[in-house]
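Heads up, the thing below is written out as structure tokens.
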Amino acid sequence: MQLRFCTGRLLVVLALVASSIAAAQSAPPNAIADDVDNSVKPGDDFYRYANGSWLKANTISAGLSSYDSRAIVAEKTSQRVRDLIQKAATAHAAKGSVVQKVGDYYASFLDQSGIDAKGVSPLAHEMASIAAITDKSSLSAYFGTTLNSEVEGLTANADHIFGIWVNQGFEDSDHNLPHIWQGGLGMPERDNYLDPSPKATELRNRYQAHIESILKLIGDANPEKNAAGILSLEIRIAQAFAPDSDAADVAKQNNPWKSTDFASKAPGLDWQAYFQSAGLAVQRDFIVWQPSAVIGVAALVRDESTELWKEYLRFHLVEHYASVLPKAVATEHFAFYGTILMGTQQPPDRSKEAMAATNGALGQAVGQLYTERYFPVKAKARAQAMVKDLMAAYRVRISGLSWMLPQTKEKALAKLAALQVIAGYPDVWTDYSSLDIARNDAFGNMRRAEVFIRSRNLAKLKQPVDPIEWPINPQTPGAVIMFSPNAEFFTAAILQPPYFDGEGDSASNYGSAGAAMAHEISHSFDELGNIYDAQGRLGDWWTAEDHARYHEAAEKLIAQFNRYCPVPDLCVNGKQVLSENVADLAGLHVAHDAYVLSLKGKTGVIIGGLTGEQRFFLAFAKRWRKLQTETALRQQIQTDTHSPGEYRSDTVRNVDPWYEAYKVTPSDKLYVKPEDRVGIW
């Protein structure tokens with residue numbers, strides 16, 4: 001699943017593809033022990049004790065490199081969403097209702113024959129606007145009309161030379177500002193254009209051939225020449241791009257510019273015309289994330305011919321709307337982006353594309369349907385009650401940290417008090433009443449949805465900062481950490497079995513979803529989040545002594561993971577995975593504290609012969625079950641910041657209550673002496 005706004009340290013997106021909310025096979029609460037392998041002693045190998053039967057019963061499907069419940073949950077959620085959308089499409093709902101808009105958007109996208117019948121005529125108005133460009137001023141004005149307010153990844157879409165993300169300022173938490181992003185490339189990576197290797201050169205050749213094919217489909221008079229020109233222009237845009245490594249350095253992103261600065265700092269573009277048509281004429285303050293790209297593209301507007309830019313715009317206009325244009329266009333689009341770039345031989349079923357498009361255009365409308373059916377108010381209340389316990393547990397843990405100085409703890413506690421952690425779905429849904437959706441107009445629906453989203457985002461420039469605005473759809477399995485502002489979100493779709501059950505066992509909920517939530521919350525106080533204060537403003541609140549003490553305490557954890565070697569010639573790099581391992585440790589400690597708080601002094605019930613303490617740790621270990629090929633395992637160890645699941649499961653060996661719950665003794669293989677257990681949190 002693709003999620004917007006993955007921006008290094010400003011915001012962290014943790015979709016189902018991320019490891020921090022990890023996998024476990026769904027099971028009803030009274031079957032918590034079903035996958036246990038009782039032939040394995042818990043103190044010798046807790047991962048295989050908890051998951052052994054599941055590991056033996058399952059295999060990796062042909063063509064895949066791994067198998068775990070992430071894929072199961074993703075498919076289950078996808079099927080649920082598909083059923084809801086398809087039901088909406090046949091509901092004959094009242095005009096203007098959420099069901100009508102969702103159903104008609106989906107139906108219009110699915111109507112390939114209706115799309116084919118219109119040909120490329122829906123592009124006529126926009127093509128006429130491009131044809132009317134006569135000089136640099138009108139070119140700049142046209143670029144302003146394409147300013148994209150839905151940034152994907154780290155760049156705007158190709159037909160938008162810049163994108164904006166409306167969010168609070170790095171140093172001003174009271175006002176929303178437009179954050180300007182680099183854009184304008186048709187291929188996904190800067191290095192696709194700049195890498196001199198034969199493989200990259202061949203990719204560029206095939207991209208040029210693709211451009212030529214698209215131009216032929218719209219009757220371009222000189223497709224071969226213009227395709228070469230468009231590729232050459234994009235190469236020069238790529239040369240101005242900031243490297244991907246800059247995205248992880250927020251100091252390089254924080255470049256405040258006044259509107260009056262653009263003409264002198266980035267000459268070439270008619271900025272007055274650009275801002276006027278972009279709806280930013282009265283905006284005075286901006287944050288420019290990649291100044292080199294803004295400067296470089298502005299110079300290209302000045303130096304390259306207007307006719308070349310018009311060819312570029314025509315090509316990318318077609319690319320942008322390929323999914324709602326005739327099948328020949330969509331087929332050519334997939335031939336490059338699906339087969340050549342991604343290696344996918346067959347395009348996805350049209351219904352899957354229609355579902356994704358509907359989710360993209362009407363995300364919270366679909367979210368309303370999903371949560372009404374699958375995440376009732378009671379489930380949200382239980383999840384938020386768990387959050388309350390986690391926050392209470394964090395207050396105690398932070399107060400007792402040995403590596404934080406007293407003044408640092410004070411700042412950490414202030415940040416915790418201001419932190420918004422929200423589970424399930426927003427209290428106030430997006431109002432789509434002004435967005436017109438017609439059943440027989442796929443192109444128009446997409447176009448109007450884009451205008452709606454853009455207008456809604458630009459309107460935030462005149463509104464106060466909303467720290468609880470949802471940046472992710474509730475039907476997307478995942479979580480989002482917003483360091484700026486100071487908020488975290490856990491979706492309804494991730495809060496489902498096996499991670500969380502609104503009707504299920506509290507011990508299992510706290511051991512799985514609770515530990516996952518606490519893991520993510522810890523990042524607001526570690527070396528990822530320590531450069532943002534309680535209001536989400538930039539400002540490193542750790543002292544040099546805090547850093548030194550933290551890393552001294554972490555040495556034990558590094559050494560512990562360095563000893564894990566899943567294959568004889570390859571061991572885990574403890575330093576590489578340190579941050580996530582510390583978060584696992586924090587999450588387990590805090591979730592256990594929260595579970596104890598939830599009992600309010602009572603003793604946990606016994607279910608399936610297991611005490612609450614045992615089910616808590618068992619649920620934690622079940623999160624990490626995974627089958628993967630040796631090749632995939634090796635790649636993970638070499639490149640990932642997350643440890644293999646079985647070793648994340650072994651975090652329990654640093655937590656005293658686990659020893660008590662499972663009667664672990666010095667004769668057991670996982671036993672660690674009390675003085676050697678890692679106690680960072």
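Note: hydrogens, waters and symmetry copies are ignored here, and every other heavy atom, side chains too, is used. Not measured: the values here are computed from a predicted model.
In this structure, CG on N473 lies 11.0 Å from CD on Q368, to the nearest 0.5 angstrom. Note that CG of L177 is 9.0 Å distant from CG of N167, once rounded to the nearest 0.5 Å. Atom CE of M482 is separated from atom CD1 of I468 by 12.5 Å, given to the nearest 0.5 angstrom. Here the CD1-CG distance, from I398 to L416, works out to 4.5 Å after rounding to the nearest 0.5 Å. Between the CG atom of N255 and the CD1 atom of I180 there is a distance of 12.0 Å, given to the nearest 0.5 Å. Here CE of M517 is found 4.5 Å from CG of L495. Values are rounded to the nearest 0.5 Å.
With E580 contributing its side chain and V577 its backbone, the two residues share no donor-acceptor pair below 3.5 Å. Here the side chain of D501 pairs no donor or acceptor atom with the backbone of P497 at under 3.5 angstrom. Between the side chain of Q475 and the main chain of G363, a donor-acceptor pair closer than 3.5 Å is present. Judged purely by atom type and a 3.5 angstrom limit, N486 has no side-chain atom pairing as donor or acceptor with the backbone of D533. The backbone N or O of A251 lies less than 3.5 Å from no partner atom in the side chain of N254, so there is not a single donor-acceptor pair. In this structure, Q290 contributes its side chain and Q182 its backbone to a donor-acceptor pair below 3.5 Å. Panel note: side chain W429, backbone Q364; no donor-acceptor pair is recorded below 3.5 Å. In this structure, the side chain of R623 does not engage the main chain of R648 through any donor-acceptor pair within 3.5 Å. With hydrogens and angles ignored, the 3.5 Å screen pairs a side-chain donor or acceptor of Q384 with a backbone N or O of A423. In this structure, D68 contributes its side chain and R70 its backbone to a donor-acceptor pair below 3.5 Å.
Contact of the T491 side chain with the W470 side chain is registered, since non-hydrogen atoms from C-beta on lie closer than 4.5 Å. Looking at Y550 and V582, their side chains come closer than 4.5 Å, going by heavy atoms from C-beta outward. Looking only at side-chain heavy atoms (C-beta outward), K415 and K411 stay at 4.5 Å or farther from each other. The closest side-chain heavy-atom distance from E660 to E613 is not below 4.5 Å. Considering only heavy atoms from C-beta on, P243 comes within 4.5 Å of D246 through its side chain. With contacts defined as side-chain heavy-atom distances shorter than 4.5 Å, the pair F617/P657 qualifies. Looking only at side-chain heavy atoms (C-beta outward), E527 and W542 come within less than 4.5 Å of each other. Annotation: side chain of F561 is not in contact with side chain of V678 (no heavy-atom distance under 4.5 Å).
The cationic group of R677 lies under 6.0 Å from the six-membered ring centre of Y671 and within 45° of the ring axis, placing it in a cation-pi geometry. Cation-pi contact between R397 and F525: absent, since separation from the ring centre below 6.0 Å together with deviation from the ring axis within 45° is not met.
If you check the side chains of T408 and D546, you find a donor sitting under 3.5 Å from an acceptor. Using modelled atom types, one finds a donor on one side chain and an acceptor on the other under 3.5 Å when comparing S643 with N581. N509 and S506 share no donor-acceptor pair across their side chains, judged by distance under 3.5 Å alone. No donor-acceptor contact under 3.5 angstrom links the side chains of T543 and Q407, judged on distance only. If you check the side chains of Q560 and D676, you find no donor sitting under 3.5 Å from an acceptor.
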Practice prompt. Could you check L670 against W658 for side-chain contact (heavy atoms from CB on, under 4.5 Å), going step by step and ending with a plain yes or no?
Written response: CA-CA 11 Å; L670 290 179; W658 173 71; 4.0 Å; yes

Query - Derivation of the side-chain contact (heavy atoms from CB on, under 4.5 Å) call for Y532 and S524 - result: CA-CA 8 Å; Y532 295 93; S524 289; over 6 Å; no

Given side-chain contact (heavy atoms from CB on, under 4.5 Å), test I164 with F286 step by step and report yes or no. CA-CA 10 Å; I164 68 165; F286 295 80; over 6 Å; no

- Task: I would like to know whether I637 and N573 meet side-chain contact (heavy atoms from CB on, under 4.5 Å); could you show each step before the answer?
- Result: CA-CA 7 Å; I637 291 174; N573 182 334; 6.0 Å; no

Residue pair Q535, S173: steps toward the side chain to side chain donor-acceptor pair (under 3.5 Å) verdict:
CA-CA 6 Å; Q535 285 71 47; S173 60; 5.6 Å; no

Practice prompt. Check the pair D427 / K380 against salt bridge (Lys or Arg N to Asp or Glu O under 4.0 Å), numbers first and verdict last.
Written response: CA-CA 11 Å; D427 290 330; K380 181 171 182 174; 2.9 Å; yes

Does R382 form a salt bridge (Lys or Arg N to Asp or Glu O under 4.0 Å) with E503? I'd like the steps, not just the answer.
CA-CA 9 Å; R382 285 198 72 182; E503 301 287 340; over 6 Å; no

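The two atoms that bring E469 and F489 nearest to each other are O-CZ, 3.5 Å, heavy atoms only. When every heavy atom of T371 is checked against every heavy atom of P474, the shortest pair comes out as CG2-CB, 4.0 Å. Shortest non-hydrogen contact noted between K409 and S399 is NZ-O, 3.1 Å. For the pair L419 and M391, the tightest heavy-atom approach, listed with the atom from each and the gap, is O-CE, 3.8 Å. Residues N562 and C571 come closest through the heavy atom pair O-CB, 3.7 Å. Of all heavy-atom pairs spanning W257 and P291, the tightest one is CZ2-CB, 4.0 Å.
More than 12 heavy atoms of other residues, nucleotides or ligands sit less than 6.0 Å from atom CD of Q463. The environment of NE2 in H175 is sparse: at most 12 heavy-atom neighbours from other residues, nucleotides or ligands sit within 6.0 Å. Crowding of Q635 atom CD: a count of heavy atoms from other residues, nucleotides or ligands under 6.0 Å not exceeding 12.
The pair R48-D45 meets the salt-bridge criterion, since a charged nitrogen lies less than 4.0 angstrom from a carboxylate oxygen.
Shown here are the side-chain contact (heavy atoms from CB on, under 4.5 Å) partners of P42, two or more places apart in sequence or in another chain: F46, Y49, Y662.
Of the candidates D505, D389, D593, D389 is the only one forming a side chain to side chain donor-acceptor pair (under 3.5 Å) with Y510.
Annotation: F170 is in aromatic contact with H179 [ring centroid separation under 6.0 Å]. Between H523 and F483, the distance separating the two ring centers is not shorter than 6.0 angstrom.
Between F375 and F500, the ring planes are tilted. Angles from 30° to 60° get that label.
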